[in-house]
Number of protein chains: 2
Amino acid sequence: MSKLRSAPTLEDVARMAGVSTATVSRCLNSPDRVVKATRQRVLSAVDTLGYTPNFAAQVMAAKRTFTIGAIIPTMENAIFARGLQAFQEELHQRGYTLLVSSSAYKPDLEEEQIRTLVARGADGLLLIGHDRDPKIYEYLDRRKIPVLVAWSYLPDAQVPSIGFDNRAAMFELTNRVIGLGHKRIGMISGISAGNDRARLRVEGVRDAVAQNELAVSDLRIIETPYEIENGAAAFSNLMSKGTRPTAVLCGNDVLAVGAIRRAQEMGLRVPQDVSITGFDDIELARIATPALTTVHVPHRDMGRKAALELVGMVEKTADGTALRLPTTIVERQSLGRPAKP
Amino acid sequence: MSKLRSAPTLEDVARMAGVSTATVSRCLNSPDRVVKATRQRVLSAVDTLGYTPNFAAQVMAAKRTFTIGAIIPTMENAIFARGLQAFQEELHQRGYTLLVSSSAYKPDLEEEQIRTLVARGADGLLLIGHDRDPKIYEYLDRRKIPVLVAWSYLPDAQVPSIGFDNRAAMFELTNRVIGLGHKRIGMISGISAGNDRARLRVEGVRDAVAQNELAVSDLRIIETPYEIENGAAAFSNLMSKGTRPTAVLCGNDVLAVGAIRRAQEMGLRVPQDVSITGFDDIELARIATPALTTVHVPHRDMGRKAALELVGMVEKTADGTALRLPTTIVERQSLGRPAKP
DNA sequence: TTGTAAGCGTTATCAG
DNA sequence: CTGATAACGCTTACAA
């Protein structure tokens, strides 16, 4: 009895081609191990039947999924979009499929999604940043799932990472700001708990300020989730209490854009009355008026290299070497000298 | 022999708890069908072993994946991000996992990804827009995979859709523009081939113009892929040949932002010298200076309702009814009256 | 070169 | 309430 209108199986193909299922399987997976004549017969059967292999069955038998999982903190803004796109393109070229989920910056959700991805047989995992419950790393280690971290570079971490030095980048930018003559500095950071990138950016600012303790008289820092509105609110906050900073460094472009907008609503000119900087150099940074001076991150390059390395780890041709990518400061219009007092 | 450090299976749990695999399975899937005493024994075994069910095996046996696939044209900008986020949140609540891929607006790639998702056993599929090779619909139909289209509303299409009326929305906006006194209109559209949304937006403009043939003396349309730079280039093009339009309607916000920037680079004031409008109302629209007058689309609502409907279709509690969501024109600063000649 | 058959880890049916 | 056991569709030794 033929099962009415259910997806055709290997056996259906085999029957139609008059061969065994093993031969059909070989035709599809290692065509050269079967003679041309039978191969053609099989392939035409595949074609007329519209056969597509059942993925779950393949996985069960082969114990390989050719799937890579990635969990990013958010899909709502473009922070990870470009890098992920490059990641996926490179994976696709190598025959892998990417499964993406977003954790909304929530550790529990991320953990759940990691387990889901593992249960689905992901051959490897891409995670953003290092900070997470050690239990997760133990779990992954037990399961022997290759893991690569991106958007952060910490050579001494237990897990290899491909990314940039968040602290150094912000350190450099802060020095530039100080060099311009700014003495009162404000920072609007993302939430640093459980987010090494945010934390290191703050440290970069702190370090630079500490190194210039004679030059800088005031540093105030506000933490808030990465959203435009929050950037605006934090900016208000910074400008309403105590002496106003002349430069506000933001943990990323999203916050910076919010800050710029609020500055304008307050009637402050950027950068004449207050300088504002971002981080990431996403499209938003160029759209903002004035265009944002920010830290450029090589998103596409990072994504591509991460794919290469992770596939290498999965296929055991790479050992998971940490890689540091360069960041650069891109000067646009939102950073200037402070007004003379 | 215990397999060294491989993921524990149902059998491992069963052995440890001193029950059969069937009982373990029941404990996990219908806990009330097993008495408390054994259940507790089993669950603690699950816990100490760190057991996670093997997804592929589950799928093979149950023929259900609780997975929904979605293919969107792009992840690079935020057009689909918000709606997809809502879609995924709602799915998650209902116990489904979302698999996303992006097709980069390429029909072949989309087709390939549809097949991949189906092979992976997606219980249902969300696609953007109706336009695609009929063979794909046949294929999906043969496989009996429920499909829902979003971001477009075409009640008579073979596949149910949840979205908005792209033509009507643009028709309304164009009438508003004409009502303001604009006589020479330009349009920067996305590529309309294989994209019913883009095509219908153009038709909306055309229809409104046709209906006001006495009022409008000129309508010029350029098609270009949805990218900021392309919006800028198309704007240059529109303004350099023949009489300049006084209003440029863009197929989406991304193109409009590019147009605004180019206008400013050309020294044109928006909207005094030229009006520019968008479509979608993504975050960019509010960031742009001047802020963009655009068509607001209820992204989150659409995503949520699409999830509900699609899950309903999968679980056979819904029949796939098309649903039209309202759009509204949001007036900001980029649209004004034309200058007196 | 091709066929046979033993898994892979679950779920579900049917007895007990 | 619980236990055998037959699928599920494919890959892969091992045989022929």
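Chain naming here is simple, since letters A, B, ... match the order of the sequence lines and numbering starts at 1 in each.
- Remark: C1' of C:dT11 and CG of B:N54 are 13 Å apart, rounded to the nearest angstrom.
- The pair B:K106-B:E110 fails the salt-bridge criterion, with no side-chain N (NZ, NE, NH1 or NH2) lying under 4.0 Å from an Asp/Glu carboxylate O.
- Rounded to whole Å, atom P of D:dG9 lies 16 Å from atom CG of A:L28.
- The pair A:R143-A:E138 fails the salt-bridge criterion, with no side-chain N (NZ, NE, NH1 or NH2) lying under 4.0 Å from an Asp/Glu carboxylate O.
- Inspection of the A:D32 and A:S30 side chains reveals no N or O donor paired with an N or O acceptor under 3.5 Å.
- Atom CZ of B:R64 is separated from atom C1' of C:dT11 by 14 Å (rounded to the nearest Å).
- Taking the side chain to side chain donor-acceptor pair (under 3.5 Å) definition, one finds that B:Y105 meets it with nothing, sequence neighbours left out.
- Taking atom CG of residue B:N29 and atom C1' of nucleotide D:dT2, one finds them 15 Å apart after rounding to whole Å.
- Look at A:E111 and A:R115 and you find a salt bridge, because one of the NZ, NE, NH1 or NH2 atoms lies within 4.0 Å of a carboxylate O, short of that distance.
- With respect to the salt-bridge test (charged N to carboxylate O, under 4.0 angstrom), the residues B:R94 and B:E90 qualify.
- Between the CZ atom of B:R120 and the P atom of D:dC8 there is a distance of 23 Å, rounded to whole Å.
- Using a 4.0 Å heavy-atom cutoff across all strands shown, A:Y51 reaches sugar-phosphate atoms only and no base atom.
- To the nearest angstrom, P of D:dT12 lies 10 Å from CD of A:Q58.
- Within the structure, a side-chain polar atom (N or O) of A:K63 is placed less than 4.0 Å from OP1 or OP2 of C:dG9.
- Between B:F55 atom CZ and C:dC8 atom C1' the separation is 16 Å, expressed in whole Å.
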Q | Where protein sits on nucleotides 1-7 of chain C, one letter per nucleotide: B base, S sugar-phosphate only, - none, heavy atoms under 4.0 Å | A | SBBB--B
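- For A:L10 and D:dT12, the CG to P distance is 12 Å, given to the nearest whole Å.
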